Amino acid sequence: TEYNSMGTNNGSHYISSASSAGSSSTAELVLGDITTAMELIAAKGLNPDTILISPSHYKLLLDLADFTIPFAGSAANNQTSKGGLEYVDEVARTGLVGQLYGMNVFVNAYVPMTKFGVFDMSVKPMAYVERRGMTVEEANPGFGIVGSYMSMRYGMKIIRPEAGVIVTSA
């Protein structure tokens with residue numbers, strides 16, 4: 001039999017949450033989904049180091065007793081600054097809210113509450129923006145444009161999809 005290093009999802013970097021508790025309109029964060037994503041990334045020889053979550057997921061993590069002291073023993077965030085204004089400022093500046101399973105956890109309002117991602121950010125570049133060359137096109141008088149116009153389009157390309165796993169709620 002052939003070795004399928006991405007498990008039963010046929011090499012996709014998208015997986016469905018193992019939990020049936022959530023819905024398409026609620027946030028859920030199952031620790032088993034995080035370990036599954038870690039396993040899928042590690043099976044490709046990479047090392048996951050980042051979890052990207054929504055503010056709703058952050059609230060769920062704060063409800064976990066294990067996550068209430070995010071950087072225990074870290075020199076940059078010692079016990080004297082934890083909970084102080086310096087810590088709040090640092091979270092607001094970087095989005096880094098703690099660690100889970102040795103991975104940095106970042107919160108960002110642009111992450112949908114029905115998805116979260118686990119990534120190996122050491123793979124550079126994991127994604128890049130591709131730009132199409134500038135084109136000059138003849139205007140269509142039917143649209144009320146007289147003359148010609150120039151356009152440039154951008155699109156995202158994922159170079160190494162195996163460097164990340166996106167978990168989607170049911």
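What you see is a predicted model; the values in this text were computed from it and never measured.
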*asked:* How close do P112 and S54 get, counting heavy atoms only, and between which atoms?
replied: O-CB, 3.9 Å
*Please identify each residue that fulfils side-chain hydrogen bond (donor to acceptor under 3.5 Å, both in side chains) with S56, with sequence neighbours left out.*
none
*asked:* If we ignore hydrogens and angles and just use 3.5 Å, is the side chain of H57 paired with the main-chain N or O of F116 as donor and acceptor?
replied: no
*Residue pair F106 / N104: nearest heavy atoms and the distance that separates them*: CE1-CB, 3.8 Å
*asked:* Taking side-chain hydrogen bond (donor to acceptor under 3.5 Å, both in side chains) as the definition, give me every residue that meets it alongside T94, ordered by chain and number, with sequence neighbours left out.
replied: none
*asked:* side-chain contact (heavy atoms from CB on, under 4.5 Å) for I15 and T168? Distances and angles first, verdict last.
replied: CA-CA 6 Å; I15 63 172; T168 305; over 6 Å; no
*Close side-chain approach of L100 and I51, heavy atoms under 4.5 Å*: yes
*What are the two closest heavy atoms between T50 and M121, and how far apart are they?*
OG1-CG, 3.1 Å
_Contacts of type side-chain hydrogen bond (donor to acceptor under 3.5 Å, both in side chains), residue D33, not counting sequence neighbours_ = S17
_Minimum side-chain heavy-atom gap V118-L52 below 4.5 Å_ = no
*Heavy-atom closest contact (G164 atom, H13 atom, distance)*: O-CB, 3.0 Å
*For D63 and K59, which heavy atoms make the closest approach, and how far apart are they?*
OD2-NZ, 2.7 Å
_Polar side-chain atom of D120 near backbone of A163 as donor-acceptor pair, under 3.5 Å_ = no
_Just verifying a value: how many Å separate L60 CG and L31 CG, rounded to the nearest 0.5 Å?_
10.5 Å
*Less than 4.5 Å apart, any side-chain heavy atom of I34 and any of L29?*
yes
*Looking at CE of M103 and CG of N47, how far apart are the two atoms once the value is rounded to the nearest 0.5 Å?*
9.5 Å
*Nearest-0.5 Å distance, CG of residue L46 to CZ of residue R160*: 5.0 Å
*For a side-chain contact (heavy atoms from CB on, under 4.5 Å) with L61, tell me which candidate from I53, V107, V97 qualifies.*
I53
*Got a second to check how far Q99's CD is from D49's CG, nearest 0.5 Å?*
10.5 Å
*With rounding to the nearest 0.5 Å, note down the distance linking CZ in F119 to CD1 in I166.*
5.0 Å
*Cluster link V30 to V167, ILVMFWY, side chain under 4.5 Å*: no
*Please round to the nearest 0.5 Å and tell me the distance separating atom CG of L40 and atom NZ of K44.*
9.5 Å
